[in-house]
Amino acid sequence: MKYFFWIILAVFLLPVVSAQSLDVQSDSSAAGFKRVRVSVEIESFSGNGSLEFHVSETFHSAVVIIQGQAGEMTQPQVGEWYDDCWTSNNSGLNWTEIHRDENGQAHAFYSSPQILSIRCDLTGISQSKEDNLSVRLFDENQELDRIDTAIIALTADVLPPPPDSSPVLFAIGSIALTIIALFGYLRWKDRKSMNRHGLAFVLPAFLALVLLSFYPVAYGMVLSFTDAHEESIGDEEYNGLENYLDVFTSGGFLRVLFFTLVWTFTNVIFHVGIGGALAMLLQQKVRGKLAYRTLLLLPWAIPSYISVLVWKGMFHPEGLVNVLLGTETDFFSGVTEAQTMVILVNIWLGVPFMMMSISGALQSIPEDLHEAAKVEGVSDWARLRHITIPLLKPTVVPLALMGFIWTFNMFNVIFLLTNGGPQLWFGEPGGTDILITYVYDVAFVKGELGLAAAWSVVIFIMLMAFSWAYTKGSKATEAAV
Amino acid sequence: MSGVSFEGIRKVYDDGTVAVKGLDLTIKDGEFLVLVGPSGCGKSTTLRMLAGLEDLTEGSIKIGEATVDHLPARARGLGMVFQSYALYPHMSVQDNLTFGLRMLAKTERPDPPEMKRMVQETASMLGIDDILEKRPRDLSGGQRQRVALGRALIRKPKVILMDEPLSNLDAKLRNQMRVELRRLHDELGFTTVYVTHDQVEAMTLADRIAVMKDGELQQHCPPLEAYHQPANTFVASFLGTPAMNLIEGQAEAGVFTSNGLSFPLPDHLSDCTGKGTFGIRPENVKVLKSNAMEAEIRGVERLGSESVYHLNVGGTDIKALWHRSGEEAWDAEKGGWPEENMFISFNDPSALWFSA
Amino acid sequence: MSEDLSSSELPQTDLARRWYIPYEMELMRRGAILVILICLPMFWIASLRGDGWQTIAMGLAGGLLAVWALQQKNRDIMLVSSALILFSGLMQAFFALEVKVAAIDVWYSTITVALGGGGLWVLSSPHMSRWLSSRLELEEAERGLARNNKLSPRWKAATTHAILLHFVVIVLVPIIWIIDVAFSPGQSASGELGISDWTITHFDAVLSGSDFWTWGLNSVIVSIGTTMVGLMLAIPAGYAFSRYKFSGHGIMMFSLLLVQMFPGIIILVPYFMVMKTLGLLNTSLGLILAYSVTALPFCVWMLKGWFDTIPRELEEAAALDGCTTFSTFWRIILPLSLPAIAVTALFSFLAAWNEFLLALVFNTDSSMYTLPVGLASYISEASARWGDFAAMSLIVSLPVVLLFIFFQKSLIQGLSSGSVKG
Amino acid sequence: MAPAKSSLSIILTLLVLSAGCLSDSLDDSGVTSTEEVSGNLVIWSTYESDSKEEEAFLDSVSAWQKIHPEVEVEVTSKPFYQAVQAYKIAALGGEAPDLMRFSNDQLGSIAPVRDRGNPLLEDLRPWLTPAQRSVWDPIALESMRYDDALMAIPVSQDCVSLFFNRALFDEAGINYPDENWTTADFLSAAQDMTFGEQVGLSIPTKDPFRWFSLNSGYGGSLFTANGEANLDGNGSADALRFWLDLELKHEIVPTGTNVETMKQQFLSGKAAMIIDGPWHWPTYTAARLDVGQALLPIVEETGLRMSPMVGYKGWAVSKQSPNKESAISLALYLSSSEVVKYAALETMTMPVLSNLYDDPDIHSDVALRGFIAQARLGFPAPTSKGMSAIYDILPTAIENSYVGEMSTQAALTAANQELKEEMR
């Protein structure tokens, strides 16, 4: 708005001055996309005035010309402002960035009346059709000279290259081939026995599983050895075990690992415990069994995001939980309170599935086993301990392992309820953060993809080790039924 | 070992069906009683009430002198063998045998050497000492059956209860086990209550049988007595294969007439009159060459040692049994009676009359 | 605690007196255990409220003492422990009345007072005291046994119902809250429980919502597709794992689990690239494949467990009368495995029906959205339309509940893949 | 590999705690680009489905389509809280939409991303002539820049101000807040109106966005003039102390209040004053609440007026979009004064066009005028890596001070240290 003021001023005060000459060149490809570089030479101009650019009859921009010193106006470097202009007083031998006032209005200063050159990269110029540019010189009170020329911006827009899917294709292709080759070898190896039919049955499932998940998992693992960051995707370099070192030496590692284990074990124990107890209760002859089972299964049927949000509302200081318990605890600020809360909600979510699975297993125990024990003089308690529980083991043992894996990587309960809980440690996981929710923060909030991948691989190895030890352990102790 | 007595026991399920209608039965100490009858006749329910697995609606049960009406199963000191053997799949044979003992209170639990001895003794008695370490699923049907029996015997129970223990075995093994069961019983002399629907088992195993139908005791007597003097048509038709011929009709003045068939009653039945059922076992049907009732042959089942002739006499189907040792074997070489113009007569002392 | 209280000096035949234990003893033992169990959370709540935990400690002591006393058949200690429990309930109620009565206090007091009082009342009965000092007549013992058999099943059923109802309440509280928000006017979530005027405006809004039906259709296609594809992959694999011990059998079973162990969050971008390369973006097929793969490990494991329980003799018999592996599988094994298939079907259906993240990321244009993604659009940062959100959640969960009720029996049976059958 | 739990349902980041000062509006600037436009456009909109804002937006888009019939526009609605993450993943996979509306801290999270050296968003500087640029409030335009590049065309601005329930004030006999209200009057009024079920003031104590206004009132500033971290600068510790004491010491603000419960209390007439933004205003007026809006008070100790952080929203174009011409033409149309004015009046979204600041129609709406006045007194939210980091670090400082783990000074110093590291 400022330069309007100057122009009006210029029109009234213009003293009659000897004729000036104006010379304009334009360069269509020097200034980049949708920009044209226009350099203007003004000879023998004195006093103040302004230089206006008009593109296809609409005002584009203007440079204020002042005879005198620049004072404390800033000189933004190339690229710092929305567009760039330069001035030169030796007709273009060397250019200096133009001065701009606090609104960014360009000001060209010159001392003695000789050749003053102004160069501007005009923005917003069409690159598909020619526009006419009219450069007008004003002194303080009227227009002195005008030159019309045609301009067009020739630099093309450089679109970023589409993500090349070749590595993905290569990975999927190669993994598919290796799997087929592997199955071929295995089939040849079992050629003598009947077992080879099995391979044909397993192939489709295995292929689908590996096709979809091999590349992402492999990509994740490779990423964990690089310094990948959101700000440099595609140009990450290998940085050895640095990420893993960061993971193990990061401040909250032991704390978050400890809570993850507490979270997982408590959840699985209560899921199997309460689920088993409910299954046994429902095993007895009790009326309304269907109603009970359907009601008790609702937490599994209702989408977990709505139920978790309702629990969040109920654990609010004025929420239902505090009303029922007569307490005013702020479950979201105390660490232990928050941890108890998230575990209780996840137990509420996980029990139905276990209840159903265990009640299935219970039903497969024939009734006359119990009767035989009763006749043999075995008490109810001893029957439970020596018959029911051992016979449930072959079902519960693998079930608990799956429960462990699911709960260890259970993301959305904690994310929705506390988003990592009371954040009391700077730059570290929060109170109720478990490994997977912290991985989300590292990856999507901090953008450190390499480090997050390392965390994920650490989770993966821990789970794999635990499951391997668990299956080995349970195989040994499991009463081979 | 002690006897068992049922005094007027009744069992009505919650939904009102009456499984046992007032059964009175006494089993002497050391006796082998077989409860036999078609399925759903209440024999299993009776056994389960004795075992304490089903509660008693009315009446009283005594084991020895002690009444056990509402005692829990574990208090009755019984041994039971189930149809499905009900072996604990997750325990070895040895553990299966000793499970009951191991669960006793410390005061009464036999100490380990004693328990070892009991296991050895039972195992050798049943010939299962070589499979003590095996799991039930690795055993054959016969072995499982013996382990189940061993489990019941090891605690020296007052009474052994068996619920159709042989029905899961194949025919050959079943015969073998029947003989062995009988041998064991005679050797150890334990009181046994055995439930089966197979009348052959009943006849071969039982000291005395109790035939039941629709929750009511039909007859309680030694097997042969029931075979020869069935208390009613049901018992008659139930025991013996092929089943007894039963013909309903009218008897007066020594002559029995049924629709399209009439013949003179044997002497010992000559004074029976009125409506009733005439019964004669196929093996007692006399086959003659002439002057008797003409019988048309419908089919012959030749089993080698004997053949069953399906005949039709005046519109009534009659079965006759030819047995190799039968004295009037007409055509011994050809193994059986002629194929045509056969005459039969019912005049035999074993014939029976059931007045309606 | 062993059940057998028989003392050897009674004559052998007097079984009734030797074995009779009034069912009240069993009830009191369960009552004592219940008191111990409810005291544990009460300690936590007392610590939250910061008020004294003495009363709870008293209740716990009473419970522990009772269990011990019942073991020893010591009447005096039983009386003391019942009194302790009763008194603890009264004290808790008294403190609560003074400060602020909370539902939990009412719950604790009623249970402890009932159990303590019940204990005292039972112990006071002459029959009980005679039994405790084993001065019981034979007929009385037999009558007692008869009473046991008649009454104890009823009491057991009563306690079972009580415990089940506790869990049902805990399960239903949030769901009642959702129903309350769904049927009461206005879009507020943290209003008071209890519906003044029932309205179904939210349901109308949701059902007449512009793209609810497209989302619903997409969800149905994806969920049923996932179930189909999931089963087509899982059943043969499960059968193969169960029947054939081909080499690599163990590793492959373990690798099924392996895939579930890698946190999915971090690999969304590469997974997106895989889908894009396979041209599966913005398609229901893409989601179907993704969800089948998610559900695959559980389904294969479940089906393998079930097929293990089907005895091999059936197949051998079928093989005798000339069936190929496939026709044996199709005509014999499959019909037998319908319950297990029902379970895997429900599991895959649920895995697809409620999933949000992959649906959001893979299907970028809204005509391909599924219900969960549509549901999320009700929550914007300016304001959350809680009423519609709750209503839609109920609508989304309705089919699953109905599915369960219809397949209830075969579902439960399907899960009985225990290894004891056959 | 699909996410961990087989039925992993929703990353519905219902950030009820930190709603932040974001809202949406429609805007346009004077001149449409002269280029001919073609091809089809995909727009992701994050308006709440079936809401007034969405209607206004869709009407404007169809209006633009009448002018450019040859362009086919496809609008997809995206859940707001997952919009940034969904956009990043889609962009990295080459499937980004052409046009999408982001707030400036969302821009702060997307702008730094480089995929093989390329940013995800188009630098709009070459597209706009200085004349076109001049229509917008320069502060708004500046807030859309990240490392010099112009990431989006500004369309709306928002900030919090003081809302009060006139009925409760009358009831308590306290006169309404006005320009020369100080924090002392503010505190005493709040205390006087806190009795029984009613509270004088309800604010989400742990929400950094609202605390910024008090912080600037105490002379604190998030960054120094030349951009260094300055969380523990002069007055910030006292500001945080005063802010927390409203709940901890004076016990006015109920414990654990978050945006949702604050809104609920105000709607049910249980809160006399709240600090909230224009995006909730329609909900309050619709509930026939006698609600007034006033400038945030002047801080007693410093004499400076509390100045809220002003958040801006703008239309960004994907760098990978094949037809940027039509995208920018539509963006310019959507931020043109006619569309923005319609949105301002309809949906209380505050314009960023200089000429609309003193527009008579807008001024006729008392509330709008009040909000604009408050925004003029606010300070622009910087769009930088540092700002995103603040939202990640400051909550830790607030929570440590809240639970008394640290003094406000120690907490803020530690936070500042962490912010310096993060910005290195």
Side-chain angles (χ1 to χ4, degrees), chain A residues 165 168-169 186 189-190 195 197-199 201-202 204-205 208-209 212-213 215-217 219-220 281 284 286 292 294-298 301-303 306-307 310-311 313 324-327 329 357 359-361 363-364 379 391 394-395 405 409 436 439-440 443 452-453 456 459-460 463-464 467 481, chain C residues 3 45 48-49 100 102-105 157 160 163-164 167-168 171 174-175 177-178 189-190 233-234 236-237 239-240 244-248 257 259-263 265-267 270-271 273-274 276-277 289 293 296 298 301 325 354 393 396-397 400-401 404-405 408 412 415-416 418-421:
Chain A
S165 50
V168 181
L169 266 181
L186 290 176
K189 192 155 167 267
D190 292 344
N195 285 335
H197 296 305
L199 286 166
F201 279 106
V202 171
L209 199 68
L212 285 186
S213 42
Y215 173 73
V217 171
Y219 180 85
L281 283 176
Q284 295 162 2
V286 70
Y292 274 124
T294 316
L295 287 177
L296 288 174
L297 265 172
L298 283 178
I302 303 259
I306 176 83
S307 29
V310 170
W311 274 111
L324 290 179
L325 301 187
T327 52
T329 351
S357 312
S359 48
Q363 249 164 5
S364 62
S379 69
L391 287 181
T395 312
I405 293 170
N409 277 342
I436 183 118
V439 161
Y440 178 83
S456 307
I459 293 176
F460 180 62
L463 267 180
M464 201 157 58
S467 320
V481 167
Chain C
E3 285 307 312
I45 291 159
L48 279 183
R49 292 205 288 220
K100 177 157 69 78
I104 200 82
D105 302 320
T160 311
I163 298 169
L164 284 176
F167 283 101
V168 165
V171 158
I175 291 156
W177 191 279
I178 297 173
S190 35
L233 294 177
Y239 182 69
Y244 300 102
K245 290 287 170 286
F246 45 84
S247 40
L257 283 180
V259 168
Q260 294 224 317
M261 294 178 197
F262 203 90
I265 297 287
I266 182 76
I267 48 174
Y271 204 3
M273 283 311 296
V274 167
K276 177 173 180 174
T277 331
L289 270 179
V293 162
L296 206 57
F298 173 77
W301 170 76
T325 353
N354 280 342
S393 306
V396 164
S397 26
V400 180
V401 172
F404 174 72
I405 293 177
Q408 149 96 253
I412 293 292
L415 278 163
S416 64
S419 59
V420 181
K421 211 154 52 47

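Note that this is a predicted model, so its numbers are computed, not measured. Letters A, B, ... are given to chains in the order of the sequence lines, protein chains preceding strands, and every chain is numbered from 1.
Contacts between A:Val310 and chain C at a heavy-atom distance below 4.5 Å involve the side chain alone, from C-beta outward. Contact of C:Val396 with chain A is made through the side chain alone, with heavy-atom distances under 4.5 Å. For a residue to count as touching a neighbouring chain, one of its non-hydrogen atoms must lie under 4.5 Å from one of that chain's; by this rule A:Ile302 touches chain C with backbone and side chain alike.
The backbone N or O of A:Leu325 sits less than 3.5 Å from a side-chain atom of C:Arg49, completing a donor-acceptor pair.
Heavy-atom minimum distance, C:Gln260 versus A:Asn409: O-ND2, 3.8 Å. For the residue pair A:Ala301 and C:Asn354, the shortest heavy atom distance occurs at O-ND2, 3.6 Å. Of all the heavy atoms in C:Met261 and A:Ile459, the pair that sits closest is O-CG2, 4.4 Å.
Of the candidates C:Ile265, C:Ile266, C:Ile267, C:Ile266 is the only one forming a side chain to side chain contact (heavy atoms under 4.5 Å, CB included) with A:Ser456. Only one option out of C:Leu296, C:Val274, C:Val259 pairs with A:Ser213 in a side chain to side chain contact (heavy atoms under 4.5 Å, CB included); it is C:Val259.
Distance OH/A:Tyr219 to CE/C:Met273: 9.0 Å, rounded to 0.5 Å.
The ring-ring contact (aromatic ring centres under 6.0 Å, His included) test applied to A:Phe460 returns C:Phe262, not counting sequence neighbours. C:Tyr244 meets the ring-ring contact (aromatic ring centres under 6.0 Å, His included) test with no other residue; sequence neighbours excluded.
The residue among A:Thr327, A:Thr329, A:Leu169 with the most heavy atom pairs within less than 4.5 Å of chain C is A:Thr327. Highest contact tally toward chain C, considering only A:Leu281, A:Leu295, A:Val286, A:Leu298, is held by A:Leu281 [criterion: heavy-atom pairs under 4.5 Å].
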